[in-house]
Amino acid sequence: MSSVSKVINTKLDWAKIISTLGLTGQTASSLTAFKKRHDEAKKEYLALTSKSTEVDFETYRTKLSNTKVIDEIESKVKSFKPVTYDVSKTLKTIEMFESKAIENAKLTEKSVIDEINQLQQSLKDMESARPFNELTVDDVVKAKPDIEDKVVYMVKNGKWEVPTYKEKFGDLTVM
Amino acid sequence: MPQLVPFYFVNLLTFGMLTMTFLLYMVSTKLLPNIVKLLLTRSMMVNL
(Lines give C-alpha, C1' and ligand atoms only; values in the text may rest on other atoms or scores of the structure.)
Protein backbone atom coordinates (compact mmCIF):
# COMPACT_ATOMS: atom_id res chain seq x y z
CA MET A 1 0.00 0.00 0.00
CA SER A 2 1.40 3.35 -0.97
CA SER A 3 1.75 6.17 1.50
CA VAL A 4 -0.99 8.16 -0.24
CA SER A 5 -3.53 5.36 0.02
CA LYS A 6 -2.63 4.89 3.70
CA VAL A 7 -3.34 8.55 4.31
CA ILE A 8 -6.60 8.30 2.36
CA ASN A 9 -7.62 5.19 4.33
CA THR A 10 -7.12 6.91 7.64
CA LYS A 11 -8.44 10.36 6.80
CA LEU A 12 -11.21 9.79 4.25
CA ASP A 13 -14.74 9.86 5.62
CA TRP A 14 -16.74 8.16 2.89
CA ALA A 15 -20.11 9.03 4.35
CA LYS A 16 -19.34 12.73 4.44
CA ILE A 17 -17.56 13.18 1.13
CA ILE A 18 -20.61 13.01 -1.18
CA SER A 19 -22.88 15.11 1.01
CA THR A 20 -20.33 17.83 1.83
CA LEU A 21 -19.05 18.23 -1.72
CA GLY A 22 -22.57 18.09 -3.11
CA LEU A 23 -21.54 15.67 -5.82
CA THR A 24 -24.14 14.55 -8.32
CA GLY A 25 -24.41 12.46 -11.45
CA GLN A 26 -21.61 10.31 -12.76
CA THR A 27 -19.01 11.42 -10.22
CA ALA A 28 -21.21 10.54 -7.26
CA SER A 29 -22.23 7.16 -8.69
CA SER A 30 -18.66 6.18 -9.59
CA LEU A 31 -17.48 7.27 -6.16
CA THR A 32 -20.16 5.13 -4.51
CA ALA A 33 -19.20 2.17 -6.72
CA PHE A 34 -15.55 2.67 -5.82
CA LYS A 35 -16.39 2.79 -2.11
CA LYS A 36 -18.38 -0.46 -2.47
CA ARG A 37 -15.45 -2.17 -4.20
CA HIS A 38 -13.09 -0.88 -1.54
CA ASP A 39 -15.31 -2.17 1.28
CA GLU A 40 -15.70 -5.57 -0.35
CA ALA A 41 -11.95 -5.92 -0.87
CA LYS A 42 -11.28 -4.88 2.72
CA LYS A 43 -13.80 -7.42 4.04
CA GLU A 44 -12.34 -10.21 1.90
CA TYR A 45 -8.82 -9.32 2.97
CA LEU A 46 -9.78 -9.43 6.65
CA ALA A 47 -11.59 -12.75 6.25
CA LEU A 48 -8.63 -14.31 4.49
CA THR A 49 -6.01 -13.02 6.95
CA SER A 50 -7.98 -14.32 9.94
CA LYS A 51 -7.91 -17.89 8.55
CA SER A 52 -5.02 -20.15 9.51
CA THR A 53 -2.75 -21.23 6.66
CA GLU A 54 -0.94 -23.98 8.54
CA VAL A 55 -1.78 -27.61 7.65
CA ASP A 56 -1.41 -30.14 10.46
CA PHE A 57 0.14 -33.10 8.64
CA GLU A 58 0.71 -35.07 11.87
CA THR A 59 -3.05 -35.52 12.29
CA TYR A 60 -3.32 -36.95 8.80
CA ARG A 61 -0.35 -39.30 9.49
CA THR A 62 -2.05 -40.75 12.54
CA LYS A 63 -5.36 -41.12 10.73
CA LEU A 64 -4.18 -42.50 7.37
CA SER A 65 -2.21 -45.69 6.92
CA ASN A 66 -0.51 -44.52 3.73
CA THR A 67 1.94 -42.00 5.15
CA LYS A 68 3.90 -41.88 1.91
CA VAL A 69 1.22 -39.79 0.30
CA ILE A 70 1.24 -37.41 3.26
CA ASP A 71 5.04 -37.07 3.05
CA GLU A 72 4.78 -36.30 -0.61
CA ILE A 73 2.08 -33.71 -0.06
CA GLU A 74 4.04 -32.15 2.80
CA SER A 75 7.18 -31.87 0.72
CA LYS A 76 5.19 -30.31 -2.10
CA VAL A 77 3.56 -27.85 0.27
CA LYS A 78 6.91 -26.92 1.76
CA SER A 79 8.49 -26.46 -1.64
CA PHE A 80 5.55 -24.36 -2.85
CA LYS A 81 6.39 -20.86 -3.75
CA PRO A 82 3.69 -18.36 -4.65
CA VAL A 83 3.63 -17.39 -8.28
CA THR A 84 4.55 -13.80 -8.82
CA TYR A 85 1.74 -12.05 -10.48
CA ASP A 86 2.24 -9.18 -12.85
CA VAL A 87 0.10 -6.39 -11.45
CA SER A 88 1.17 -3.74 -13.90
CA LYS A 89 -1.95 -4.28 -16.00
CA THR A 90 -4.20 -3.85 -12.98
CA LEU A 91 -2.22 -0.81 -11.90
CA LYS A 92 -2.63 0.64 -15.36
CA THR A 93 -6.40 0.11 -15.13
CA ILE A 94 -6.42 1.76 -11.73
CA GLU A 95 -4.44 4.68 -13.11
CA MET A 96 -6.89 5.00 -15.99
CA PHE A 97 -9.76 4.91 -13.51
CA GLU A 98 -8.00 7.52 -11.40
CA SER A 99 -7.41 9.84 -14.35
CA LYS A 100 -11.04 9.49 -15.40
CA ALA A 101 -12.19 10.18 -11.84
CA ILE A 102 -9.97 13.26 -11.69
CA GLU A 103 -11.34 14.43 -15.03
CA ASN A 104 -14.91 13.97 -13.81
CA ALA A 105 -14.10 15.74 -10.56
CA LYS A 106 -12.62 18.65 -12.52
CA LEU A 107 -15.74 18.81 -14.67
CA THR A 108 -17.93 18.82 -11.58
CA GLU A 109 -15.74 21.51 -10.00
CA LYS A 110 -16.03 23.61 -13.15
CA SER A 111 -19.81 23.28 -13.26
CA VAL A 112 -20.06 24.11 -9.55
CA ILE A 113 -17.86 27.19 -10.01
CA ASP A 114 -19.96 28.26 -13.01
CA GLU A 115 -23.12 27.88 -10.97
CA ILE A 116 -21.63 29.86 -8.07
CA ASN A 117 -20.61 32.64 -10.47
CA GLN A 118 -24.08 32.70 -11.95
CA LEU A 119 -25.67 32.87 -8.50
CA GLN A 120 -23.30 35.64 -7.45
CA GLN A 121 -24.17 37.54 -10.63
CA SER A 122 -27.88 37.22 -9.87
CA LEU A 123 -27.24 38.30 -6.30
CA LYS A 124 -25.38 41.36 -7.58
CA ASP A 125 -28.26 42.09 -9.97
CA MET A 126 -30.72 41.83 -7.10
CA GLU A 127 -28.66 44.13 -4.92
CA SER A 128 -28.17 46.73 -7.63
CA ALA A 129 -31.76 46.55 -8.86
CA ARG A 130 -33.78 49.71 -8.72
CA PRO A 131 -36.84 49.85 -6.45
CA PHE A 132 -40.17 49.02 -8.01
CA ASN A 133 -41.51 52.59 -7.98
CA GLU A 134 -38.48 53.81 -9.96
CA LEU A 135 -38.98 51.26 -12.71
CA THR A 136 -39.64 52.65 -16.18
CA VAL A 137 -41.43 51.17 -19.17
CA ASP A 138 -38.12 50.91 -21.00
CA ASP A 139 -36.65 48.80 -18.18
CA VAL A 140 -39.55 46.37 -18.37
CA VAL A 141 -39.35 46.23 -22.17
CA LYS A 142 -35.61 45.57 -21.91
CA ALA A 143 -36.26 42.66 -19.56
CA LYS A 144 -39.14 41.33 -21.65
CA PRO A 145 -38.54 42.19 -25.33
CA ASP A 146 -41.72 40.46 -26.56
CA ILE A 147 -43.71 43.50 -25.32
CA GLU A 148 -42.25 45.47 -28.24
CA ASP A 149 -43.42 42.84 -30.74
CA LYS A 150 -46.90 42.86 -29.21
CA VAL A 151 -47.05 46.67 -29.45
CA VAL A 152 -46.06 46.55 -33.13
CA TYR A 153 -48.71 43.87 -33.79
CA MET A 154 -51.42 45.84 -31.96
CA VAL A 155 -50.59 49.15 -33.67
CA LYS A 156 -50.51 47.52 -37.11
CA ASN A 157 -53.91 45.94 -36.50
CA GLY A 158 -55.42 49.13 -35.07
CA LYS A 159 -55.91 47.72 -31.59
CA TRP A 160 -55.44 50.55 -29.11
CA GLU A 161 -56.87 48.88 -26.06
CA VAL A 162 -55.25 46.15 -24.04
CA PRO A 163 -57.69 43.36 -23.20
CA THR A 164 -58.46 42.90 -19.47
CA TYR A 165 -56.67 46.19 -18.66
CA LYS A 166 -59.86 47.92 -17.49
CA GLU A 167 -60.78 44.94 -15.29
CA LYS A 168 -57.39 45.10 -13.59
CA PHE A 169 -56.83 48.85 -13.22
CA GLY A 170 -60.28 50.33 -13.53
CA ASP A 171 -61.60 52.85 -16.00
CA LEU A 172 -61.20 56.64 -15.67
CA THR A 173 -63.46 57.46 -18.62
CA VAL A 174 -66.20 59.81 -17.47
CA MET A 175 -68.55 59.45 -20.44
CA MET B 1 -63.83 92.34 -46.45
CA PRO B 2 -60.93 89.92 -46.38
CA GLN B 3 -63.20 86.88 -46.97
CA LEU B 4 -63.84 88.23 -50.43
CA VAL B 5 -60.17 88.68 -51.28
CA PRO B 6 -59.18 85.87 -53.72
CA PHE B 7 -56.82 83.20 -52.26
CA TYR B 8 -57.13 84.69 -48.74
CA PHE B 9 -57.78 81.20 -47.23
CA VAL B 10 -55.10 79.40 -49.20
CA ASN B 11 -52.49 80.27 -46.63
CA LEU B 12 -54.72 79.13 -43.73
CA LEU B 13 -55.70 75.92 -45.49
CA THR B 14 -52.11 75.06 -46.39
CA PHE B 15 -50.83 75.50 -42.85
CA GLY B 16 -53.93 73.85 -41.40
CA MET B 17 -53.37 70.76 -43.56
CA LEU B 18 -49.67 70.67 -42.78
CA THR B 19 -50.38 70.92 -39.05
CA MET B 20 -53.03 68.22 -39.17
CA THR B 21 -50.74 65.89 -41.12
CA PHE B 22 -47.91 66.48 -38.69
CA LEU B 23 -50.21 65.89 -35.70
CA LEU B 24 -51.66 62.73 -37.25
CA TYR B 25 -48.16 61.40 -37.90
CA MET B 26 -46.92 62.20 -34.39
CA VAL B 27 -49.96 60.74 -32.65
CA SER B 28 -50.04 57.54 -34.70
CA THR B 29 -46.31 56.83 -34.59
CA LYS B 30 -45.20 58.21 -31.23
CA LEU B 31 -47.95 59.01 -28.79
CA LEU B 32 -50.47 56.18 -29.18
CA PRO B 33 -47.91 53.36 -29.53
CA ASN B 34 -46.24 54.60 -26.35
CA ILE B 35 -49.55 54.61 -24.51
CA VAL B 36 -50.28 51.09 -25.75
CA LYS B 37 -46.79 50.05 -24.62
CA LEU B 38 -47.42 51.51 -21.16
CA LEU B 39 -50.78 49.77 -20.81
CA LEU B 40 -49.33 46.50 -22.05
CA THR B 41 -46.38 46.77 -19.68
CA ARG B 42 -48.69 47.42 -16.75
CA SER B 43 -50.86 44.40 -17.48
CA MET B 44 -47.77 42.22 -18.14
CA MET B 45 -46.24 43.25 -14.81
CA VAL B 46 -49.40 42.26 -13.00
CA ASN B 47 -49.27 38.90 -14.75
CA LEU B 48 -45.62 38.30 -13.75
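Proteins come first, then strands; the chains are lettered A, B, ... in the order of their sequence lines, and each starts at number 1.
Residues satisfying the ring-ring contact (aromatic ring centres under 6.0 Å, His included) test with A:Phe169, not counting sequence neighbours, are A:Tyr165.
For A:Glu115, the CD atom sits in a loose shell: 12 or fewer heavy atoms of surrounding residues, nucleotides or ligands are nearer than 6.0 Å. Atom CZ of B:Phe9 sits in a crowded spot, with more than 12 heavy atoms from other residues, nucleotides or ligands closer than 6.0 Å. The local environment of CG in A:Leu172 is sparse, with at most 12 non-hydrogen atoms from other residues, nucleotides or ligands closer than 6.0 Å.
Residues from residues 30-39 of chain B that place a non-hydrogen atom less than 4.5 Å from a non-hydrogen atom of chain A comprise B:Leu32, B:Pro33, B:Val36, B:Lys37, B:Leu38, B:Leu39, given in numerical order. Within residues 146-162 of chain A, the residues having any heavy atom less than 4.5 Å from a heavy atom of chain B are, in residue-number order, A:Asp146, A:Ile147, A:Glu148, A:Lys150, A:Val151, A:Met154, A:Val155, A:Lys159, A:Trp160, A:Val162.
By the rule that hydrophobic residues join a cluster once side-chain heavy atoms approach within less than 4.5 Å of another member, B:Val5 and B:Leu12 end up as members of one cluster. No chain of hydrophobic side-chain contacts below 4.5 Å, direct or via other Ile, Leu, Val, Met, Phe, Trp or Tyr residues, connects A:Met96 to A:Ile102.
Within the structure, ring pair (Phe, Tyr, Trp, His ring centres under 6.0 Å) pairs that include any residue of residues 58-110 of chain A comprise A:Phe34-A:Phe97 (at least two apart or interchain).
Proximity of A:Val137 to B:Arg42: side-chain heavy atoms (C-beta onward) are nowhere separated by under 4.5 Å.
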